[in-house]
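See below for the structure under consideration.
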Amino acid sequence: MEQGNVQSPIYPDVVTFGESMALLMPDSGKGIEYSPQLTASFGGAESNVAIGLARLGHRVGWFGRLGKDPFGRMVLKKIRGEGVDVSRAVLSSEAPTGLMLREAVSGKASVYYYRKNSAMSLMKPGDLAEDYIAGAKILHVTGITPALSDSCKEAVIAAVRTAKRHGVKVCFDPNLRLKLWGIGEARETLLALAEEADYFLPGLDELQLLYETEDFDGIVERLSKLRAVTVLKGGDDETFLIEGGRVSSVPFVKAERVVDTIGAGDGFCAGFLSGILQGKSHLEAVELGSLLGSLVVQAPGDWEGLPTREEVDAVLQGSRHIER
């Protein structure tokens, strides 16, 4: 194995880790089987959040295991090129980089994953660097990583325990993926992680499955018992902030147009964490998250539409013209 870069002497404010996969897509609206050419990019919930924070001017680090192959090197270089510290990422010859294919035909998007036995699925607690997590202000994890393998689940639990031992805040987005595991195992693992989080960012549809109820008041009551500040996404036209038993409603920031909804939740998370790092109130942080989510969906790609700090400031100052 080899490290992705020389270790940075300054620890990031936010540290996150997870699987980033190579992504292949047709250039046009044709299906994959009819497309003579595919465009290469990459995607991953955690690296999307990391890029979002870096573009907003924050020090952020992402790590994970990638194959020591062309895809792995591409992903590592692109994440590093966005200003994210990848000094703890590993290129491994033990297994390949995960791969996903995406197509959008007649307005319907389909994604095909090739991630079983990927390099990231081999991550284990021993791969974690305690000093790297301990030096951060916030550790961000998602429910995707523990779904990849038993050793990945152990690694996420170990990372959360390390963060708590060193007074590092934990942000947890459940990102429920039932293609990766059954609802029973997901429910047990994700709800346990929610109990440990300082910031919990679930979607309403996820909690309906995890809590086994569609009763909104019942869901809010259960969330009110958590120690975490909870941001509940998925209302008709609003997001709910739940803290200390109090529930606040934050209206959505409406997008002028919707091009690609993939990555909206990661953009929201990046905006929310940026607000926290800036010392904003939780309500203001949710408003910033909503703004980033609305900007992300106006451009194609998982992370390409994430705005810079200058672009966000322009929107907040009332400018409708954003140069990209």
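Throughout, numbering of the chain's residues begins at 1 and tracks the sequence.
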*Where do Ser294 and Leu291 come nearest, in terms of heavy atoms and distance?*
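Answer, listing the atom of Ser294 first, then Leu291: OG-O, 2.7 Å.
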*So, for Gly43 and Asn48, which heavy atoms are closest and what is the spacing to 0.1 Å?*
CA-OD1, 4.3 Å
Side-chain donor-acceptor pair under 3.5 Å between [X] and [Y], yes or no?
X	Y	answer
Thr213	Asp215	no
Ser118	Glu19	yes
Ser47	Glu82	no
Thr142	Glu46	yes

Between [X] and [Y], does any side-chain N to carboxylate O distance fall below 4.0 Å?
X	Y	result
Asp13	Lys169	no
Glu185	Lys153	yes
Asp150	Lys124	no
Glu94	Arg65	yes
Glu196	Arg227	no

*Are any side-chain N or O atoms of Ser290 and backbone N or O atoms of Val253, one a donor and one an acceptor, separated by less than 3.5 Å?*
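Side chain of Ser290 to backbone of Val253, a donor-acceptor pair under 3.5 Å: yes, one is there.
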*Spell out, as yes or no, whether a donor-acceptor pair under 3.5 Å connects the side chain of Glu206 to the backbone of Asn175.*
yes
*Sequence-distant partners of Pro125, side-chain contact (heavy atoms from CB on, under 4.5 Å), two or more places apart*: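 Pro125 satisfies side-chain contact (heavy atoms from CB on, under 4.5 Å) with Glu154, Ala155, Ala158 once adjacent residues are dropped.
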*For Ala192, side-chain contact (heavy atoms from CB on, under 4.5 Å) partners two or more places apart*: none
So, do [X] and [Y] sit near enough that their side-chain heavy atoms are less than 4.5 Å apart?
X	Y	value
Pro202	Pro174	yes
Val156	Leu193	yes
Arg73	Leu91	yes

*Does Phe272 have its ring centroid less than 6.0 Å away from the ring centroid of Tyr199?*
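For Phe272 and Tyr199, the ring centres are under 6.0 Å apart.
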_Positive for salt bridge (Lys or Arg N to Asp or Glu O under 4.0 Å) with Lys233, one of Asp266, Asp205, Asp173_ =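 That would be Asp173; it is the only one of Asp266, Asp205, Asp173 passing the salt bridge (Lys or Arg N to Asp or Glu O under 4.0 Å) with Lys233.
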_Flag if over 12 foreign heavy atoms under 6.0 Å of CD, Glu130_ = yes
*Glu238 CD: over 12 foreign heavy atoms closer than 6.0 Å*: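 Count over threshold, so yes.
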*asked:* Checking Phe240 now: which residues fulfil ring-ring contact (aromatic ring centres under 6.0 Å, His included) with it, not counting sequence neighbours?
replied: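 ring-ring contact (aromatic ring centres under 6.0 Å, His included) list for Phe240, sorted by chain: Phe216.
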_Partner residues of Phe268 under the ring-ring contact (aromatic ring centres under 6.0 Å, His included) criterion, sequence neighbours left out_ = none
*Is Leu23 isolated, or which residues cluster with it under the ILVMFWY side-chain rule of less than 4.5 Å, directly or via members?*
Met21, Met25, Met100, Val111, Tyr113
*Remaining members of Val105's ILVMFWY cluster at a side-chain heavy-atom cut-off under 4.5 Å?*
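Via sub-4.5 Å side-chain contacts, Val105 links to none.
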*Could you go step by step and tell me if Glu103 and Ser35 meet the side chain to side chain donor-acceptor pair (under 3.5 Å) rule?*
CA-CA 10 Å; Glu103 63 183 3; Ser35 300; over 6 Å; no
